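In this chain, residues are counted from 1 in sequence order. Just so we're clear, the structure is a prediction, and the values are computed from it rather than from any experiment. For ligands, and for the atoms within them, numbers begin at 1 and follow the listed sequence.
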Amino acid sequence: MRKKIVAANWKMNFTFQQAENFLEEMSSKLDEGVSEDVEVVICPPFLFVELTLDFANDSNFFVGVQNLSAFDKGAFTGEISASMLESMGIDYCIIGHSERRKFFNESHSELKEKVAQALKSKIIPIFCCGELFPERQAGEQFSVVQKQIQESLFDLSKHEFSRIVIAYEPVWAIGTGITATPEQAQEMHAFIRNFINMKYGTEISDNLSILYGGSCTAQNARGIFSQPDVDGGLIGGASLKADEFYQIINSF
Ligand code: PGA
């Protein structure tokens, strides 16, 4: 059985006080219980990692980050390495989010380095892929996603790949309020699983968790999560409200 995961991507939101308030509320909700086979991940900005870890120690969620350095260590001012994250107790890292591809020009090869760094430090990459709106209009969504996965992940060994989580996030759905329909999500998730199956075999593809991201809310999560190849979500805006995020976690 592959893992069901719901991950919060806070992006660059919250002050320290707001983060603390959110975590207090979220932890008490999680104490009420979640379906035991759902793994909850919260990805704060780096600055709030320690705070989030403090809450995670007493609650049932994992902590991830939104980025890491492609470099090992040394003279890279402002960067944070995978081994630093590992030493803090971080379990997950979002890699290849479309905002990082767009605003920070992260290339396929840089993302490949980041994935390698994460795996070396036993951090699970949540590798994001997804097409732009004009690419979908041109019917290129499958080839775009295929290339993103191929270029950054296909040099991994079977063992390494077995530790990857993929998030399909159509760029036109992120932060826009326009969600992919459950059928569009299912179609792409099934395509990704099949494509991974051809490269890595059934055991790996059957166990691969593929999350959907892009304007996922408490209103639409159930329809999307009920699709056979959708194993959860990567949630942006709706993860900033404890109530709504908790509802999404319980939408399977
Ligand atoms: P959104 O963001 O839920 O606000 O659309 C999702 C994401 O970017 O991971």
Could you pull out the N/O contacts under 3.5 angstrom between ligand 1 and the surrounding protein atoms?
from, atom 1, to, atom 2, distance (Å)
ligand 1, 2 (O), Lys11, NZ, 3.2
ligand 1, 3 (O), Gly236, N, 2.9
ligand 1, 4 (O), Gly237, N, 2.8
ligand 1, 5 (O), Gly175, N, 2.6
ligand 1, 5 (O), Ser215, N, 2.7
ligand 1, 8 (O), Lys11, NZ, 2.7
ligand 1, 8 (O), His97, NE2, 2.6
ligand 1, 9 (O), His97, NE2, 3.3
ligand 1, 9 (O), Glu169, OE1, 3.3
ligand 1, 9 (O), Glu169, OE2, 2.7

In terms of heavy-atom contacts, does [atom1] of [X] have more than 12 from other residues, nucleotides or ligands at under 6.0 Å?
X: Phe154; atom1: CZ; answer: yes
X: Glu50; atom1: CD; answer: no
X: Gln137; atom1: CD; answer: yes
X: Lys11; atom1: NZ; answer: yes

Check your understanding: Only one of Arg2, Lys3, Lys4 forms a salt bridge (Lys or Arg N to Asp or Glu O under 4.0 Å) with Asp231, so which one is it?
Key ->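 Going through Arg2, Lys3, Lys4 one by one, the salt bridge (Lys or Arg N to Asp or Glu O under 4.0 Å) with Asp231 is satisfied by Arg2 alone.
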
Review point. Using the benzene-type ring in the case of Trp, are the ring centres of Trp10 and Phe48 under 6.0 Å apart?
Key: no

